[in-house]
Amino acid sequence: MKLNFFNTMGRSVQDFKTLEPGVAKLYCCGPTVYNYAHIGNLRAYLFDDILRRVLEYAGYKVDHVVNITDVGHLTDDNDEGEDKMVKSSRETGKSVWDIAEFYTEAFFKDIDSLNIIRPTVTPKATDHINEMIAMIKRLEEKGFTYEAGGNIYFNIDKSPDYGKLALRDRQDLHAGARIKVDSNKKNPHDFVLWFTRSKFEHQAMVWDSPWGRGYPGWHIECSAMSMKYLGEQFDIHCGGIDHISIHHTNEIAQSEAATGRKWVNYWMHNEFLIMNKGKMAKSSGNFLTLDSLADDGFSPLDYRYFTLGGHYRSQLQFSKESLSAAARARKNLFDKVIRLKGETNNTPSSIISQEGQIYIKNFQEHLSTDLNTPRVLGELWLMLKDVGLGSQDKLAIIYEFDKILGFNLENLEEVEAESLDSDILELIDSRNNARKEKNWEKADKMRDILLEKGIIIKDTPNGTEWTRNV
RNA sequence: GGCGCCGUACCCAAGUGGUAAGGGAGAGGUCUGCAAAACCUUCAUGCACCGGUUCGAAUCCGGUCGGCGCCUCCA
């Protein structure tokens, strides 16, 4: 299966070829673990998951690395801002290390509940300080750094093609548009590799280094850890669209300066989730977590379905209304799968018919054309409505699609008929007696009573069924 | 100030030169004592607006209006 992805480097859809045949090396920027991930953050990891699944579907062995940033960085846009980890620590009374551990666990819990396949490696920044120091030394030896005011800076004027990812000329850069430029910098866009003299007090995490006790700049961790786990060159680097101009630009500058050659072949960036006419952001309080969605009765898989309905490179409009639509669609899909399992005695076709193969072919085309998951969902519904297709074929095709969609439909089971309280069973019994007597008024009244107790009644030709009103 | 993206039905959202996918909601119907579920049918002569190119434009070009993002940590 041939894959084509939009590469931010070059801004075009390009054929995907790996450096090493059959192996795809993928690095995705991960979370800073000072707070819960909000659903906008999670959109990025859902995108990573689709990408990873498609690569595996296409036959690649995937080395998937996601960093855990447990070193704090700037909180916000004013000079009085403090380290995020320190801030969280102060507010909760826990140590920065406990904060990091707590939110790292929360992150894994979130991605597990979204059916995101765990990355092959999830390195923590604090476990790789030595690798970062080694890389800074390498840059220092090659003359890309300078020391000023106690900090070590990367000199972007030594990188001729600085800004190539962001498509910007140095001259166009308007530094300090919103913040004061660090007066230690030779070029306003130089960035810190190692801090020893932070303007922020109470830096809780510090390490010894050749330049003094301090802590690393933000960008260096991704360069150091990706190279450790994937090598000095690898295939794909992804992250949010906001990373293009600064973080990834700086990662490229320092990585290629260190090795003297091209670092990453494909750059893939996901767009933002938009809520209330603006991006979801922790700092503005304009954000929701998976848990807060659960409070409104949404399952994590509802959110997974929702994000699949939009293309990863388009902003996605979030609202309770749009999520409800996705939740409804997801439920309809699951119901349909359960019914198909019943009809086929849980036996999908081992060989899909000629007509069915068309859907598989379209499915693959949609994915190989820059991961068009909205079209995959469209294809799925067309297939399900196709009267010329047998149930066993449909089930087999669904399972094929689900390798990417990731709803774990093969293991989907009808909710076990839990034992009901005897008083509810009695109500159902007596309602059926009322129905036999054609006492509809009484029967309807009892149905209302059951509904109040959270039981939905369905009278089918095979008898009365009930489900819990979830 | 610089850079980038976007504007498609009630909502979400595909489609980037050949005559508007899909989902949700809504409407009508079959079935049912009624309901629910299921199934069927229906739902944009038009893609912000104005010009232009073309046999043909939601799609390309120019302009106008509106929205979002980045240039600061940030998915």
Side-chain angles (χ1 to χ4, degrees), chain A residues 8 11 28-32 34 37-48 69 72-79 81 83-84 163 166-169 171-181 188-189 218 238-247 249 269-274 277-284 305-306 308-311 313-333 335-336 339 366 372-382 384-385 387 435 438-441 443-444 447-448 451 456-461 465-467:
Chain A
T8 306
R11 309 282 163 126
C28 304
C29 280
T32 301
Y34 71 101
H38 65 240
I39 59 175
N41 298 131
L42 294 170
R43 184 186 187 195
Y45 308 116
L46 284 161
F47 157 65
D48 297 342
T69 301
H73 297 287
L74 292 173
T75 42
D76 55 27
D77 52 354
N78 57 57
D79 270 358
D83 180 294
K84 283 174 182 168
L167 289 184
R168 306 167 108 192
D169 291 336
Q171 293 85 330
D172 288 341
L173 297 172
H174 187 188
R178 283 149 65 197
I179 61 157
K180 258 188 250 173
V181 176
H189 293 282
W218 179 46
C238 32
I241 194 167
D242 54 320
H243 282 148
I244 295 171
S245 58
I246 299 293
H247 183 49
T249 289
H269 295 95
N270 63 280
E271 254 290 0
F272 280 121
L273 184 73
I274 301 298
K277 294 284 176 194
K279 75 165 180 175
M280 197 164 277
K282 288 173 191 170
S283 54
S284 66
Y305 189 100
F306 174 75
L308 261 27
H311 188 89
R313 282 194 293 116
S314 296
Q315 289 181 346
L316 184 56
Q317 291 290 339
F318 179 87
S319 65
K320 286 289 163 62
E321 191 187 4
S322 57
L323 180 63
S324 295
R328 194 62 205 253
R330 201 225 82 205
K331 183 182 179 299
N332 289 343
L333 172 64
D335 286 351
K336 195 120 192 168
R339 231 172 301 128
H366 298 145
N372 198 328
T373 55
R375 295 206 78 167
V376 170
L377 288 179
E379 200 71 35
L380 176 66
W381 287 106
L382 285 177
L384 289 171
K385 286 191 295 189
V387 291
R435 291 182 65 223
K438 297 197 189 295
N439 186 346
W440 309 126
E441 198 181 328
D444 291 350
R447 180 166 58 203
D448 290 342
L451 185 61
I456 297 172
I457 293 299
K458 289 184 213 173
D459 298 322
T460 75
E465 292 177 4
W466 60 271
T467 51

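Values reported hereafter were calculated over all heavy atoms of this structure, with side chains retained and with hydrogens, waters and symmetry mates removed. Please read all numbers here as calculations on a predicted model, not as lab measurements. Labels below follow one simple rule: chain letters A, B, ... track the order of the sequence lines, proteins then strands, and each chain is numbered from 1.
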What's the gap between B/rG7 and B/rG46 when it is taken at their C1' atoms, as a whole Å value? 15 Å
Mind calculating the distance between CG (A/Asn270) and P (B/rG69) to the nearest angstrom? 15 Å
Can you sort out the partners of A/Ala443 under side chain to side chain contact (heavy atoms under 4.5 Å, CB included), two or more places apart, ordered by chain and number? A/Arg431, A/Ala434, A/Arg435
Rounded to the nearest Å, what distance is computed from the CZ atom of residue A/Phe272 to the P atom of nucleotide B/rG4? 18 Å
Under 4.0 Å, heavy atoms only, any strand: does A/His269 hit a base, just the sugar-phosphate, or nothing? nothing
OP1, OP2 of B/rA36 versus side-chain N and O of A/Arg447: anything below 4.0 Å? no
In the 5'-to-3' direction, what one-character label does each nucleotide of nucleotides 11-21 of chain B receive under the scheme B = base within less than 4.0 Å of a protein heavy atom, S = sugar-phosphate only, - = no such atom? SSSSS-----B
Should A/Lys331 be listed as having a side-chain N or O under 4.0 Å from OP1 or OP2 of B/rG24? no
How would you list, by chain and number, every residue that makes a side chain to side chain contact (heavy atoms under 4.5 Å, CB included) with A/Arg330, sequence neighbours excluded? A/Ser299, A/Leu301, A/Asp302, A/Tyr305, A/Phe334, A/Phe407
Contact class for A/Lys438 vs. all strands (heavy atom < 4.0 Å): base, sugar-phosphate, or nothing? nothing
Hunt down any stem RNA chain B takes part in, defined as 3 or more consecutive Watson-Crick or G-U pairs whose two distances are each under 3.5 Å. B:1-7 with B:65-71, B:10-12 with B:22-24, B:26-30 with B:38-42, B:48-52 with B:60-64
Taking any heavy-atom pair under 4.0 Å as a contact, classify A/Arg313: base, sugar-phosphate, or nothing. nothing
So for A/Asn332 and B/rG23, does any side-chain atom that can act as donor or acceptor lie under 3.5 Å from a complementary atom in the base? no
Taking 5.5 Å and 30° as the limits, would you call A/Trp440 and the base of B/rG33 a stacked pair? yes
With P as the reference atom in both, quote the distance from B/rU8 to B/rC60 in angstrom, rounded to an integer. 15 Å
Just how far, in rounded Å, is C1' of B/rC70 from CZ of A/Arg11? 11 Å
Walk me through whether A/Lys331 and A/Asp335 qualify under salt bridge (charged side-chain N to carboxylate O under 4.0 Å, His left out). CA-CA 6 Å; A/Lys331 183 182 179 299; A/Asp335 286 351; 2.9 Å; yes
Rounded P spacing from B/rG28 to B/rC43 in Å: 15 Å
Rounding to the closest angstrom, what is the interatomic distance between B/rU45 and B/rA58 at atom P? 13 Å
Residues pairing under salt bridge (charged side-chain N to carboxylate O under 4.0 Å, His left out) where one sits in residues 314-328 of chain A, two or more places apart or in two chains, turn out to be A/Asp296-A/Lys320
Could you check how far NZ of A/Lys320 sits from P of B/rC10, rounded to whole Å? 24 Å
With side-chain contact (heavy atoms from CB on, under 4.5 Å) as the test, would you mind laying out the steps for A/Thr69 and A/Tyr34 before giving the verdict? CA-CA 9 Å; A/Thr69 301; A/Tyr34 71 101; over 6 Å; no
Presence of donor-acceptor pair under 3.5 Å, side chain of A/Asp242 and base of B/rC73: no
Those residues that, when tested against A/Arg43, pass salt bridge (Lys or Arg N to Asp or Glu O under 4.0 Å) (two or more places apart): none
